[in-house]
Amino acid sequence: MVALLGATACQQAATPPATSAPPAKPTEAPKPAAAQPTEAPKPAATTAPAAPVPTTAAAQAGAGSGEPLKIGVLLSTTGPFAFEGQGGTDGIRLYWDQEGNKVGNRPVQLIAEDTAGVPEQALTKAKKLVEQDKVQMLVGPVGSNEGLAIRNYVHEQKIPTVFGYAIAKALTQDQASPYIFRSTGSLQLSAAGGWFAARKLNYKRAIVVAADYAAGHDAADYFKQYFEGAGGKVVQEIFPPLNATDVAPYITQIQGMAGQADAVVLPQIVGVTAINFVKAYNDFGLKSQVPLFTSAVTVDEGSTLPEEGQAALGVRSYGDWAPTLDLPENKKFIDDFRAKYNKEPGQHHMYGYVAMKTFGEALKKVGGNTEDKDALVDAISKVEWDAPNGHLKFDDKHQAIITVYLRNIEQQGDRLVNVVSDKVDGVDQFWKAPS
Amino acid sequence: MPTLNPITLTIQTLNGLSLGMLLFMLASGLTLITGLMGIVNLAQGSYYLLAAYVGVSVLAVTGNFVLAVVVGVLLGATLGLVMQRFFLHRFYQQDLAQVLMTFGFLFVFQDISLAIWKGAPVSPQVPPLLSGPVFIGQIGYPSYRVFIIGVGLLIALGLWLFVERTRFGAIIRAGVDDEEMLRGLGINVPILFTLVFALGAGLAGLSGVLGSPIIGIYPGVDLNVLLLAFVVLIVGGLGSLKGAFLASFVVGLLDNFGKAFFPELSQFTIFVPMALILAVKPTGLFGKA
């Protein structure tokens with residue numbers, strides 16, 4: 001079944017690039033190639049003046065031959081992280097659209113594979129992308145368990161890989177690799193969430209509900225650590241299965257304890273469970289009794305929030321982005337996204353876009369030369385740019401240092417959006433909360 | 001630790017009943033088909049999935065929940081009718097071939113739904129009349145779940161009257177007991193099979209549309225609900241409506257209390273009791289040996 005699901009989803013995922021990229025389609029590669037030899041030395045010479053001779057030669061070969069730069073999109077377009085994977089893919093395509101599908105003169109080809117959120121499948125598809133399709137970089141996967149599953153492989157193969165999610169801390173701590181980057185917030189989001197809950201929202205006692213898998217437990221632990229560090233107390237923790245559907249039993253357990261808590265916190269509740277939870281929380285009349293405080297995925301404009309509808313109005317959340325953030329890059333991202341897809345972007349689209357553009361910025365610096373891995377990885381680790389969610393740069397373990405925003409959901413016109421009410425800058429993965 | 005006060009226990013029971021009623025709609029059709037034709041329809045969850053998706057689409061266009069339900073039921077029934085009449089019928093009395101064919105349909109329907117609805121989870125809004133809570137003392141309970149319990153009980157009553165009190169129902173019962181004799185009496189059994197198959201599929205479609213606001217629709221929901229419906233079928237006994245009705249409550253309640261008290265062990269709390277029941281009574285609660 002999984003194989004069948006995967007196969008169809010791949011076809012879907014793989015077809016759009018050809019149709020949705022009018023300017024410089026990968027299939028038109030031969031044409032630029034013919035025009036290139038005369039121009040090729042220029043980017044190589046200007047962008048890598050200090051590079052030793054062999055590197056320059058490689059750069060010329062790579063950039064000048066017009067051989068496409070292949071990037072593997074290793075996301076789950078089905079399964080528990082379908083929202084994240086589909087959204088991420090849209091964001092990645094948007095970036096290459098903006099760039100005309102090339103770096104310098106080198107055309108870019110995206111090859112997408114669906115992992116279905118299954119670690120073994122993530123590894124199989126990573127191998128397929130690297131060994132069969134010869135991709136030079138990877139974007140994805142979403143699940144922490146998937147990220148851990150491919151970690152050793154991409155490390156040994158020296159394939160620069162950027163995660164938009166995969167929040168398992170090992171990936172940028174104990175098992176950090178020179179080739180692995182995480183361009184968006186990971187567990188430091190939960191840390192800041194815990195601090196916000198205690199210090200900004202003045203919650204004293206919280207019930208924490210998180211999905212029963214590695215990242216769910218990690219997120220709950222980080223929330224608890226920083227919440228209790230700032231004077232709060234977690235009175236109960238509930239771990240429903242990932243992809244739990246009928247959430248009524250958990251909601252009723254909370255009802256029985258409603259008097260003992262100032263807030264119900266969802267540090268890691270995703271997909272269909274998130275939708276069902278927020279709706280049921282309202283339907284069971286709990287919303288008017290105990291405030292709900294969630295991470296951004298649970299109330300995301302591009303995925304869960306439209307399905308939740310009015311049940312989500314007024315819900316507070318923490319995250320590293322909001323569509324209402326008043327930043328020039330955010331406005332450009334949203335305008336371009338609307339123009340291309342004719343819908344509203346969400347966090348998942350933004351994550352894909354940021355991950356891809358972070359690599360894209362580095363690729364520009366090395367003139368599209370992916371053959372010199374050390375220079376490329378060095379360029380990625382030094383990337384700094386003003387992303388739609390704030391200034392982006394990596395720490396020395398390749399985790400982005402981020403700004404975390406406190407948001408609440410308001411009605412604007414005919415749609416619901418997260419509006420930022422507070423923020424904390426410079427949150428890294430070893431963040432020390434302000435006392 | 002979980003709280004045990006009477007009000008939460010009552011509400012947990014209601015939760016279990018509302019899930020149980022959705023399972024009953026799915027499993028009653030399954031048990032009729034299994035009892036009569038001797039085959040297990042593995043595509044029963046697919047009617048749920050497709051009816052739910054189509055129901056949401058109808059709801060999005062028209063905003064009419066009743067219409068969405070009607071379309072969902074008709075879609076389920078039509079799919080069942082076509083499957084039985086034009087495919088399964090060709091393998092009359094070849095049980096294994098028929099079961100395998102329903103298995104094939106499961107994949108086909110999965111891929112169709114992925115191609116059309118792209119696999120992102122959706123969850124429709126319930127009509128305004130049924131949104132929001134009804135309050136039992138201090139504690140709220142969603143009026144939509146009360147509605148589902150009501151609909152489920154009505155369906156159960158209707159099915160019981162239909163099977164026990166009508167001529168057509170008598171024919172179905174006779175078919176469950178002795179199909180060969182029934183043919184000997186001049187009943188057109190292939191048509192009977194087709195109609196029962198359509199009825200069962202229509203009920204699955206109903207549960208899909210009604211269940212989608214609380215269960216959600218996503219790739220894989222077909223297998224999730226099918227699994228629970230099988231447990232109902234096995235615990236209740238093949239072919240027994242009464243068994244399916246009681247087993248739906250048992251499974252709904254077990255699932256609910258299991259999740260509430262042992263969230264990390266929620267699968268365990270359904271399947272261990274199922275295994276115990278089967279060990280004591282291999283034919284299920286009301287199945288015939």
Side-chain angles (χ1 to χ4, degrees), chain A residues 1 4-5 7-9 11-12 77-80 82-83 85-87 114 116 209 212 236 238-241 243-260 270-276 278-280 282-289 303-304 306-311, chain B residues 1-5 7-12 14-16 18-19 22 106-107 110-111 114-115 118-126 131-135 138-145 211 213-221 223-225 252 255-261 263-264 266-267:
Chain A
M1 176 204 62
L4 267 172
L5 275 175
T8 32
Q11 283 164 11
Q12 285 169 14
T77 45
T78 58
F83 274 149
Q86 293 176 358
D114 176 24
V209 186
D212 190 13
Q236 174 79 24
I238 301 173
F239 293 101
N243 234 2
T245 48
D246 185 10
V247 296
Y250 315 112
I251 299 276
T252 302
Q253 282 310 103
I254 295 169
Q255 282 181 306
M257 295 180 293
Q260 304 161 33
V270 302
V272 69
T273 314
I275 299 169
N276 290 348
V278 172
K279 285 174 72 178
N282 181 53
D283 291 344
F284 278 76
L286 264 172
K287 201 174 121 189
S288 53
Q289 296 176 357
S303 52
T304 43
E307 297 296 325
E308 290 153 4
Q310 292 296 316
Chain B
M1 266 282 73
T3 46
L4 282 166
N5 73 54
I7 296 174
T8 30
L9 281 181
T10 311
I11 298 225
Q12 290 292 21
L14 286 175
N15 290 339
S18 48
L19 179 65
L22 285 176
L106 170 82
F107 292 127
Q110 246 173 17
D111 273 1
L114 258 183
K118 307 295 177 212
V122 288
S123 178
Q125 302 293 328
V126 299
S131 66
V134 287
F135 278 88
Q138 284 291 307
I139 301 251
Y141 196 74
S143 40
Y144 186 73
R145 280 179 182 264
I214 49 178
I215 306 239
I217 319 165
Y218 52 93
V221 73
L223 288 170
N224 290 2
V225 294
D255 183 57
N256 200 81
F257 280 97
K259 281 175 178 166
F261 295 146
E264 287 93 345
S266 51
Q267 294 283 315

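Note on naming: letters A, B, ... go to the chains in the order of the sequence lines (proteins, then strands), and numbering restarts at 1 for each one. We use all heavy atoms of the structure for the numbers below, so side chains are in, but hydrogens, waters and symmetry mates are not.
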### Message
Once side chain to side chain contact (heavy atoms under 4.5 Å, CB included) is applied, do any residues pair with A/Asp212, and if so which ones, sequence neighbours excluded?
### Response
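With sequence neighbours excluded, A/Asp212 shows a side chain to side chain contact (heavy atoms under 4.5 Å, CB included) to A/His217, A/Phe239, B/Glu264, given in chain and number order.
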### With sequence neighbours excluded, residues passing side chain to side chain contact (heavy atoms under 4.5 Å, CB included) with A/Val247
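With sequence neighbours excluded, A/Val247 shows a side chain to side chain contact (heavy atoms under 4.5 Å, CB included) to A/Tyr250, A/Ile251, A/Thr273, A/Asn276, A/Phe277, A/Ala280, given in chain and number order.
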Locate the shortest heavy-atom distance separating [X] from [Y]; write the atom from each residue and the value.
X: A/Val272; Y: B/Pro121; answer: CB-CB, 3.9 Å
X: B/Thr8; Y: A/Thr252; answer: CG2-O, 3.5 Å
X: B/Gln125; Y: A/Glu308; answer: NE2-O, 3.3 Å

### Query
Between CG of A/Asp246 and OG of B/Ser18, what distance do you get to the nearest 0.5 Å?
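That separation rounds to 6.5 Å.
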### Query
Rounded to the nearest 0.5 Å, how far apart are CD1 of B/Ile11 and CD of A/Gln253?
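Result: 11.0 Å between the selected atoms.
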### Query
Is there a side-chain contact between A/Thr78 and B/Leu114 (heavy atoms, below 4.5 Å)?
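Yes, side chains in contact.
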### Contacting region of B/Tyr141 [heavy-atom separation from chain A under 4.5 Å]
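Its backbone and side chain both get close to chain A.
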#### Entry: Which portion of B/Phe135 sits near chain A, non-hydrogen atoms under 4.5 angstrom
side chain
#### Entry: Whether A/Lys279 side chain and B/Pro124 backbone form a donor-acceptor pair below 3.5 Å
yes
### Query
Please walk me through it: do A/Phe284 and B/Arg145 pass side chain to side chain contact (heavy atoms under 4.5 Å, CB included)?
CA-CA 10 Å; A/Phe284 278 76; B/Arg145 280 179 182 264; 3.9 Å; yes
### Task
Report the option among A/Gly85, A/Gly285, A/Ala248 that has the most heavy-atom pairs separated by less than 4.5 Å from atoms of chain B.
A/Ala248
